[in-house]
Structure formats: structure tokens, C-alpha cells
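Quick notes on the structure that follows.
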Number of protein chains: 2
Amino acid sequence: MSNITKEKLAAEDIAAQLTNAVHEHRLKPGAKLREDEVSDVFGVSRTVVRQALRALAFEGLLTIERNRGAFVSKPSLKEAHEVFQARALLEPSTARAAAERTTAADIVLLERHIKEEHEALDQDRPGLALKLSGDFHLEIARIADQQTIEQFLKQLVSRSSLVIALYWKRRNALCESNAHHALVDALRNHDGSAAEELMKGHLLDIYSQLDLREYDEGATSLKEALRK
Amino acid sequence: MSNITKEKLAAEDIAAQLTNAVHEHRLKPGAKLREDEVSDVFGVSRTVVRQALRALAFEGLLTIERNRGAFVSKPSLKEAHEVFQARALLEPSTARAAAERTTAADIVLLERHIKEEHEALDQDRPGLALKLSGDFHLEIARIADQQTIEQFLKQLVSRSSLVIALYWKRRNALCESNAHHALVDALRNHDGSAAEELMKGHLLDIYSQLDLREYDEGATSLKEALRK
DNA sequence: CAGGCAAAACTTGTATACAATCTGACCTCA
DNA sequence: TGAGGTCAGATTGTATACAAGTTTTGCCTG
């Protein structure tokens, strides 16, 4: 979170840097963010910091407790389920829509994105790889030209990052199957059905690598949501 | 937006009152909300007002232009489509999930809700009726016990209200079919499939009463999204 | 009279001072 | 010893003063 430049940072910039830190798991769930500590680091007044913190709280990344401060959120098991259920509703259709609109330029961008993910893994920076992986999903919503859904997905990806920090089964053996590669292939071929199915499978794959067993309410399961 | 009490209002309360005003179309798309005007009305400092305005901007109800101020949002045709596409993805599944969990108390509550809607129409208060109609949809997400989706839906219902203010075909002939009644019946019978189908139909019904014809991009249509 | 420039009036953005609340250490007393 | 209470320090919440930017007004010029 280096900040050498004297340029005056806006709330937006601060929010972005904090978001990166959380996505890369440099800031862990439960961590407290004191206002004047943050304002010292970024060289702005608390007014601006508070704007940033409140924006991130709205996205679900932080939780603000009145008179107590801002903390990196710790999603409950229920929230973890809800996040992936919501993603299961939004992302497959979005991938299908994206397939119809994908351009050559998009493919180049996505492939560069995947390359960066692999590089991050090679350099043993799993936090960065995870963040890039999340961005990949947002990129698909962008290609689908669905800004409303993209905005929701941004929040869901953020929360997913927290869920993974808390509930990932085996911290070492990091995922990154070739799921993203397969998705890019489907998009290149404008094969909406394939993209939709691959996205369903990919989400289910991530979901199944989470340790959410304790949670056993009769609630609708994700598998059920993705079955059809 | 009367405010006689001297009780000190929180940003949250102010946001709620402004939200009501917009939902009931007392504040129309494009209207400007000056900070010290609002702070005078509610008797708090601009600091608190700014919190409320920023929160509403995050929900999409207001649009804040830097150094210019906060305005009630005017969703474009594209945004209008996106809002209903997102609702089409989220609400039918949610209605299905709700059907499995609906209790007798929920039914009582929903029926009272519908009664209030009709009363509002009888009293010639279409704005209030519209607001209540939106709340009905949120109530279903609450019954489904899906807080994440409920939160998204809250934003979508808000934006729908703006879309209706801008694009409703015939201002007079107000809707309110018996769609909500039929939904309550399905919920009472724990008939998830019926609830899902009714919700699809209901959304399509609202959508078809909007005048969104100018918008004719090759984008995925809502009808297509609901077809299957 | 139209166009454009300039200054004044107004509105929002940021910093800071002060108030309210929470936290934790220390002390007292059963 | 430990339960409870009180006070000091630290942290967040709110109001306000000032800075920066935008809009309006009105004057001047062609």
C-alpha cells in the first residue's frame, strides 16, 4: 500500500487501493481500519477516508459498527452460500450474453488476463492470482455490456474473496484449472450455450472447494440452483 | 416530507425519507437536491446529509456530479432494460425459494400489504400504490431469506420506480392486476413452480407496459430471458 | 441586440475542531 | 479473588469554517 506521490488522492483512489489489499488478502477479514491511521497513510483528511470506508461498506467489503469503526467483513456461512447462489443466478446468463458480443479485442484482453494469472501463480503470489481471477469474471460482464449486473457482480466477487479467505479448504493447493481458458474458447466461438454451461460448472467447482459443511439448513442448495 | 419532530435524525432516516419521496414520485427524475436545503429541512448538518445522499447514489436512486450536486437519477433506456433483465434473473428463482418457506404469518402480512395497495389506489394515490407494490417484491425476497439478493432487489426496485416515472405508457390507467394476489396464493400452497412462473409473467407484464420502443439494439431481450 | 468576458453569488469539497461514545486499566469492596 | 465501578485515553460522529469549483448576472463591445 505504498503511497509516495504527493498527488492528492480522492476517496475513489483510496477505496480502490484498499479493495486491492483485501482482494489480495493483505488485509484479512476482521482487520480494523482506523480512520486517522488510513488518513496518515494516504495523506488526506479523515473526511475523505470516511467516504472511502463507507463506500466499501456498501459493497460489503467492510463492516462499519457505529462508534467502533470499520473492519474487513467476515461473511458468515449463510452469507457465503448466498453469495454463490446469487452468482449462480447472474453469471451463467451473463456469460451467454457475452458470447454473442465478444470481439477479437476482447479475446486478446482475456488471454492476456489469463497469462497474468499464471504468472502470478508462478511467482508464488496467490493473493494477486486470486484478485486477477475475480477480475476475469467482471471482464465477462463488461463484454456482455450489462453494467447493472456488472456492478452487482463486483460486489459479489469482492465478497467471494472474503469467503475464500475464510473458508478455502486447502490453502496451498491452489486451483486455477483451465476453466478460464475453456470459457475464452467458448466466447471466441460465440458459443453462448457452452459459455453458460462452463460458467455454471466453474462456479460449482469453486463452491465445492469451500469448506461450508457446517451449514446444513434446508435452504435451497447451490447445486440445486445450477442443476437445471 | 414533513419533519416536525426535534429528534435528531441519522443519515439513515434521511435516506429513507428521501427514498419514499422518490418512490412515490414526489421527487421526480432530474430534480436537484441541494445539500443545505436538505439539511435545513431535516435540521442536521450537511455532513449527515452528504452521507445520506452518497448512500442513495450508491443505490442508483441519485446521481452525484462532482462539484455540481445530487440529482434524482434519470435512467437511460439501456439502464431501464438492464434493470428488468436483472430482475428477470433474480426474482423468479427467489419466488420459488420463498414458496418453500412461507409461513402463515407471512401470508397475513402479504395480504395486508395488498389491501393497502388497493386502498392507496382507491384514495387516488398512485405514487403510494407504486411504492407499496415495490415493497411487495422485497417482501418476497425477505421470505426467501436471501439477504444478499434482497439487497440487490432493493436497488432494482428503486431504479424500477424511476424507470416507471420516465417510461410508463399511460399515466392514468394504472395497472395492479391481480398478479400479487395470485402470487400469494402460490406461496400459501408452497407451490414453488407456480410462484416462479407467476413472477416471470408479472415482470414481463410490467415490462410490456413500458414505452421502451426507441431502444432497438440487438441486445438480448427480456422476453428471451424469460422464455425458457 | 447578440456574444462574450468578468466578477459576484452560490454550491459543493475538504480540513479541522469539538462532542459523544467506547475501551481498558485500575481501584474498591464484598 | 473477582465483580463492579470510575476515570483517562483513544476513536468515531457531527458541526462548522474555509477552499475550490460552478453558475448566474451584468456589463461591455462589436
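Keep in mind that this is a model prediction, so the values were computed, not measured. Proteins get letters first, then strands, A, B, ... in listed order; numbering begins at 1 in each.
Note that CG of A:Leu18 is 8.5 Å distant from CG of A:Leu61, once rounded to the nearest 0.5 Å.
Residue pairs that meet the salt bridge (charged side-chain N to carboxylate O under 4.0 Å, His left out) test with at least one member in residues 43-53 of chain A, sequence neighbours left out, are A:Glu35-A:Arg46, A:Glu35-A:Arg50.
Residues satisfying the salt bridge (charged side-chain N to carboxylate O under 4.0 Å, His left out) test with A:Arg142, not counting sequence neighbours, are A:Asp106, A:Glu139. Scored by the side-chain contact (heavy atoms from CB on, under 4.5 Å) test, B:Lys32 finds B:Arg34, B:Phe71 as partners (sequence neighbours excluded).
Between the CZ atom of B:Phe71 and the P atom of C:dT11 there is a distance of 12 Å, rounded to whole Å.
Residues B:Pro126 and B:His25 have side chains not in contact (no heavy-atom distance under 4.5 Å, counting atoms from C-beta outward). At least one side-chain heavy atom of B:Thr148 sits less than 4.5 Å from a side-chain heavy atom of A:Arg159.
Pairs of Watson-Crick or G-U wobble type, with distances under 3.5 Å, assemble into runs of 3 or more in DNA chain D at these ranges: C:1-30 with D:1-30.
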**OP:** Between protein and nucleotides 5-20 of chain D, map the contacts as a letter string: B base, S sugar-phosphate only, - none, heavy atoms under 4.0 Å, written 5' to 3'.
**Re:** ------SBBBBB----
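Between A:His180 and A:His202, the distance from one ring center to the other falls under 6.0 angstrom.
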Give every donor-acceptor pair under 3.5 Å between a side-chain atom in residues 87-95 of chain B and any protein atom, sequence neighbours left out.
{"unit_1": "B:Arg87", "atom_1": "NE", "unit_2": "B:Glu91", "atom_2": "OE2", "d": "2.5"}
{"unit_1": "B:Arg87", "atom_1": "NH1", "unit_2": "B:Ser160", "atom_2": "OG", "d": "2.8"}
{"unit_1": "B:Arg87", "atom_1": "NH2", "unit_2": "B:Glu91", "atom_2": "OE2", "d": "2.9"}
{"unit_1": "B:Arg87", "atom_1": "NH2", "unit_2": "B:His137", "atom_2": "ND1", "d": "3.1"}
{"unit_1": "B:Glu91", "atom_1": "OE1", "unit_2": "B:His137", "atom_2": "ND1", "d": "2.9"}
{"unit_1": "B:Thr94", "atom_1": "OG1", "unit_2": "B:Leu90", "atom_2": "O", "d": "2.6"}

